[in-house]
2 protein chains.
Amino acid sequence: MNVVDQNLSRIEREPLWDRAHTQLREALLAGRFEPGSALVLRQLADTFGTSITPVRDALSRLVAQRVLEQGPRNSALVPDVRANALKDLMVVRCELEGRAAREAALKADAAGLEALEALLAEMRGMIAKRRLDTYLDVHRRFHFGVYAMSGIAILVEMIENLWLRCGPVLSFVVPEYVLSLKGTDHHAALLAAIRAGDGARAEAEIIADIEEAGRYLLGLADTDGRIRRAG
Amino acid sequence: MNVVDQNLSRIEREPLWDRAHTQLREALLAGRFEPGSALVLRQLADTFGTSITPVRDALSRLVAQRVLEQGPRNSALVPDVRANALKDLMVVRCELEGRAAREAALKADAAGLEALEALLAEMRGMIAKRRLDTYLDVHRRFHFGVYAMSGIAILVEMIENLWLRCGPVLSFVVPEYVLSLKGTDHHAALLAAIRAGDGARAEAEIIADIEEAGRYLLGLADTDGRIRRAG
DNA sequence: TGTTGTTATTTGTTATAACAAACAACATAC
DNA sequence: GTATGTTGTTTGTTATAACAAATAACAACA
């Protein structure tokens, strides 16, 4: 078997548990599962059209990654991120993403800066055109573009995990929030700081960005600490 | 079935995959697997006396936690932590453990401080009596005692993962290293800073502790970046 | 000698069935 | 009426077999 065939078969023969893993992750992020509800093996197997084996595999991985919670009887629960948990997640995010931004400022190269600039412009365009559904995606690429610039793979990986654990809550920042931001564009300031090689300022900007969004989300919480979509 | 029986059955009926997961984790930490080697399902199933199903479950969880690496054909590989990877791990450890120490200084209570003091004394005693095999265990309890004091569960959990990912390398700090430390006792200084409520100093001490051990381990690396036991 | 094709073995993946604990609904006894 | 026991259902766990891809060993051929 030659190299071409190898690549072909590698693409078309993605394991079923991998597919299930990805689909579950996306559904989580999109908020298609009710927080606190249990994910049932046979039920998911039906919707995926597979046996329970790959589903069980995907769920156990998700639980191991703390993306899902472990309920009684080793069942997998959709995490319900309350105000308290979100606050803790934000603390760790500030710490890790702050460090990543600081490192990025030290290691920035021309090509990387240009790519980030393009993403920033794209974000601006989407806000201007009110394309808020796709804004989040570009926003995510911008953030992780910065983190990847740190050159520390483990750091990026752990930040990805944190974003996943914030769950659908992260998507709540649109649409109201983004539009309400007039003066402070932390993203632009972050990029400027990185370009200037100013690690401390880059860290401060990303932390400001995270904390601002965090305060907004926490403001959405009711007395139980449950966070509801603003729209 | 009454409550007593429930608890009994809950204890004696730990899932097989959980057992395998724990045993594999401990073996990893103890360095009983050769770095870079593949963990084979049927082989491990034989040694555990089970079918491959629970073993597969345990391995997939370990890979999801990044404690094991994912090799070709979705096989699970024993990670071989080289100098480069260790350096990155240390960066993230400094960031997270530094923050945890800082928070601990703000939230310390009398009972917790007393417990930490006892652990510190125990560590001193073990060094004095050259009981270096059990030293590491107390050392670990001291560190995580501090982190737990932060009150941020997510932070503690992520630090645990980092320690696991450092793998057997962490155990290399004994015996030579600990005995070579004369003047600087970062652990005592850390505890003093926490007692004084001085978060910045607590963070500085834990970072110094991590970086000192890191420098020692990096000094053990050969030209390939492979780290070998000093003893 | 070096390359190629074939076969046997290894090894992860998936479906399936048997199983056991937990849960819910319902009936029975006091 | 409340408590208790029974039964059926749900649901995660485990063993097993069939499967497919990769690898290794080896034979055949140029």
Side-chain angles (χ1 to χ4, degrees), chain A residues 1-24 33-34 36-79, chain B residues 1-24 33-34 36-79:
Chain A
M1 182 182 274
N2 61 36
V3 178
V4 176
D5 285 14
Q6 268 183 23
N7 286 334
L8 275 178
S9 68
R10 190 173 306 157
I11 292 171
E12 62 195 347
R13 270 200 44 74
E14 183 191 10
L16 293 181
W17 61 258
D18 212 342
R19 235 186 271 273
H21 187 262
T22 304
Q23 290 186 36
L24 286 170
F33 290 124
E34 171 148 8
S37 64
L39 295 176
V40 182
L41 289 183
R42 287 166 177 83
Q43 190 178 316
L44 289 171
D46 275 349
T47 70
F48 288 144
T50 68
S51 78
I52 64 175
T53 309
V55 176
R56 179 178 155 76
D57 213 328
L59 286 185
S60 70
R61 281 168 200 258
L62 256 1
V63 171
Q65 292 176 303
R66 303 293 192 155
V67 175
L68 293 179
E69 279 175 19
Q70 176 158 345
R73 183 93 190 117
N74 284 324
S75 59
L77 302 181
V78 180
Chain B
M1 182 183 272
N2 60 37
V3 177
V4 176
D5 285 15
Q6 268 183 22
N7 286 333
L8 276 178
S9 68
R10 190 172 305 157
I11 291 171
E12 61 195 349
R13 270 198 44 73
E14 183 192 9
L16 293 181
W17 61 259
D18 211 343
R19 234 186 270 274
H21 186 261
T22 303
Q23 290 185 37
L24 286 170
F33 290 124
E34 170 147 10
S37 64
L39 294 177
V40 182
L41 290 183
R42 287 167 178 81
Q43 189 178 317
L44 289 171
D46 275 350
T47 71
F48 289 144
T50 67
S51 77
I52 64 176
T53 309
V55 176
R56 179 179 154 76
D57 214 329
L59 287 185
S60 70
R61 281 168 200 259
L62 256 0
V63 171
Q65 292 176 305
R66 302 291 191 158
V67 175
L68 293 178
E69 280 175 18
Q70 176 157 349
R73 183 93 192 118
N74 285 323
S75 60
L77 303 180
V78 181

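Owing to the predicted nature of the structure, the values given are computational and were not obtained by experimental measurement.
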Can you measure from CG (A:Leu24) to CZ (A:Phe33) and round to the nearest 0.5 angstrom? 5.5 Å

I want to confirm an ordering. Mapping A:Asn74 and B:Ile52 to their closest nucleotides on DNA chain D, which one lands closer to the 5' end? A:Asn74

Value in whole Å for how far the C1' atom of C:dT11 lies from CG of B:Leu44: 12 Å

Just the rounded figure in Å: distance from P of D:dT11 to CG of A:Leu59. 13 Å

CG on B:Leu44 to CZ on B:Arg56, rounded to 0.5 Å: 13.5 Å

Looking only at D:dT13, C:dA15, D:dA15, the nucleotide nearest the A:Arg56 side chain is D:dT13

With rounding to the nearest 0.5 Å, note down the distance linking CG in B:Leu62 to CG in B:Asp57. 11.0 Å

Please give, in whole Å, the distance from D:dT11 P to A:Leu77 CG? 13 Å

Indicate, yes or no, whether a donor-acceptor pair under 3.5 Å links the base of D:dG12 to the side chain of A:Arg42. yes

Please state whether the phosphate of C:dT14, meaning OP1 or OP2, lies under 4.0 angstrom from any side-chain nitrogen or oxygen of A:Thr53. no

Give B:Leu39 one of three labels, base, sugar-phosphate or nothing, depending on what nucleic acid heavy atoms sit under 4.0 Å from its own. sugar-phosphate

Starting at atom CG of B:Asp18, determine the distance to atom P of D:dT13, rounded to an integer number of angstrom. 10 Å

From CD of B:Gln70 across to P of C:dG12 the rounded distance in Å is 12 Å

Choosing from C:dG12, C:dT14, D:dT11, which nucleotide comes nearest the side chain of A:Trp17? C:dT14

Counting side-chain heavy atoms from CB outward, which of C:dT14, C:dA20, D:dA15 is closest to A:Arg73? C:dA20

If I take atom CD in residue A:Glu14 and atom C1' in nucleotide C:dT14, what distance separates them, rounded to the nearest angstrom? 15 Å

Per the end-axis method with five pairs at each terminus, what is the bend angle of the helix from C:dT1-D:dA30 to C:dC30-D:dG1, to 10°? 0°

Show the nearest heavy-atom pair for residues B:His21 and B:Ala58, with the distance to one decimal. N-CB, 3.6 Å

Tell me the interatomic distance from B:Phe48, atom CZ, to D:dA15, atom C1', rounded to whole angstroms. 17 Å

Between atom OG of A:Ser51 and atom CG of A:Leu16, what is the distance when rounded to the nearest 0.5 Å? 8.0 Å

When rounded to whole Å, the CG to P distance for the pair B:Leu41 and C:dT9 reads 20 Å

Side chain to side chain contact (heavy atoms under 4.5 Å, CB included) partner of A:Val63, the single match among A:Leu39, A:Asn74, A:Leu68: A:Leu68

Using 0.5 Å steps for rounding, measure from the CZ atom of B:Arg19 to the OG1 atom of B:Thr50. 10.5 Å

